[in-house]
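In what follows, a structure is listed as structure tokens, so that the remarks can point back to it.
None of the values given here were measured: they were computed from a predicted structure.
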Amino acid sequence: MKITLYWHPQCQTCRKTKKWLDEHQVPYEPFHIVKAPPSREKLQEMYEKSGLELKCFFSTTTKKYREMGIKNKLKTSTTKELLDLLASDGMLLKKPILTDGVKVIIGFKEEELEKYTTFNYNRD
């Protein structure tokens with residue numbers, strides 16, 4: 001099963017992750033997170049499988065995050081409302097997001113990538 005990489009070409013962390021995958025010859029299918037963001041259903045699936053808090057899926061460094069007052073919304077909104085918000089704009093998502101449908105990794109975590117691709121991924 002191929003890894004799906006949701007990334008943004010202008011994001012330094014995304015480029016670092018993509019470079020790591022390429023150098024380690026890990027096959028993946030890239031999706032521009034702004035032009036082709038994950039659907040709300042896909043986000044919910046990734047959230048449930050990740051074991052992370054939903055706030056970990058938000059990019060807290062974007063202008064839009066600050067302008068929309070999302071920090072306060074995280075405290076008062078339902079999970080459904082937050083997933084709808086994430087699905088509304090790929091720039092609100094923390095980048096990159098990698099998944100194979102079972103495991104979800106957000107951001108560049110070399111140790112986690114190494115462990116995951118070494119033990120859980122069969123490279124052809």
Should Phe31 and Leu113 be regarded as members of a common hydrophobic cluster, given that ILVMFWY residues are connected when their side-chain heavy atoms come within less than 4.5 Å of each other, either directly or indirectly? no

ILVMFWY cluster, Leu92 and Ile106 together (side-chain gap under 4.5 Å): yes

If you draw a 6.0 Å radius around NZ in Lys49, do more than 12 non-hydrogen atoms from other residues or ligands fall strictly inside? yes

For [X], all residues meeting side chain to side chain donor-acceptor pair (under 3.5 Å), sequence neighbours excluded:
X	value
Glu110	Trp20
Glu48	Gln44
Lys80	Asp84

Would you please test Phe58 and Leu85 for side-chain contact (heavy atoms from CB on, under 4.5 Å) and show each step? CA-CA 10 Å; Phe58 282 90; Leu85 188 58; 4.1 Å; yes

Set of residues satisfying salt bridge (charged side-chain N to carboxylate O under 4.0 Å, His left out) with respect to [X], sequence neighbours excluded:
X	result
Lys73	none
Lys18	Asp22
Glu23	Lys19
Lys109	none

Report the C-alpha distance between Leu54 and Leu86 in whole Å, list the side-chain angles of each, state the deciding distance to 0.1 Å, and finish with yes or no for side-chain contact (heavy atoms from CB on, under 4.5 Å). CA-CA 10 Å; Leu54 193 51; Leu86 283 169; 3.9 Å; yes

If I take atom [atom1] from residue [X] and atom [atom2] from residue [Y], how far apart are they, to the nearest 0.5 angstrom?
X	Y	atom1	atom2	value
Thr17	Gln12	OG1	CD	10.5 Å
Lys55	Leu74	NZ	CG	7.5 Å
Tyr28	Trp7	OH	CH2	7.0 Å
Leu83	Ser77	CG	OG	11.0 Å

Over all heavy atoms of both residues, which pair between [X] and [Y] is shortest? Give the atoms and the distance, please.
X	Y	value
Tyr47	Glu53	CE1-C, 4.0 Å
Gly90	Pro37	CA-CB, 4.1 Å
Val102	Thr99	N-OG1, 4.2 Å
Gly107	Ile105	O-CG2, 3.8 Å

Got a sec, which residues hit side-chain contact (heavy atoms from CB on, under 4.5 Å) with [X], two or more places apart in sequence or on another chain?
X	answer
Pro38	Tyr6, Ile33, Lys42, Leu43, Met46, Leu93
Thr76	none
Glu111	none

Please lay out, stage by stage, how Lys95 and Ser59 fare under the test side-chain contact (heavy atoms from CB on, under 4.5 Å). CA-CA 7 Å; Lys95 300 163 231 13; Ser59 177; 4.2 Å; yes

List the residues meeting ring-ring contact (aromatic ring centres under 6.0 Å, His included) with Phe57, not counting sequence neighbours, and say none if there are none. none

Compile the donor-acceptor pairs under 3.5 Å between side chains in residues 63-70 and protein atoms, sequence neighbours left out, one pair per line.
unit_1 : atom_1 : unit_2 : atom_2 : d
Lys64  : NZ     : Asp89  : OD2    : 2.3
Arg66  : NH1    : Thr61  : O      : 3.1
Arg66  : NH1    : Thr62  : O      : 3.4

Side-chain donor or acceptor of His8 paired with backbone N/O of Gln10 under 3.5 Å: yes

Run Leu98 and Thr4 through side-chain contact (heavy atoms from CB on, under 4.5 Å) and show every step you take. CA-CA 6 Å; Leu98 292 99; Thr4 299; over 6 Å; no

Got His32 and Pro9 here, is their nearest side-chain heavy-atom distance under 4.5 Å? yes

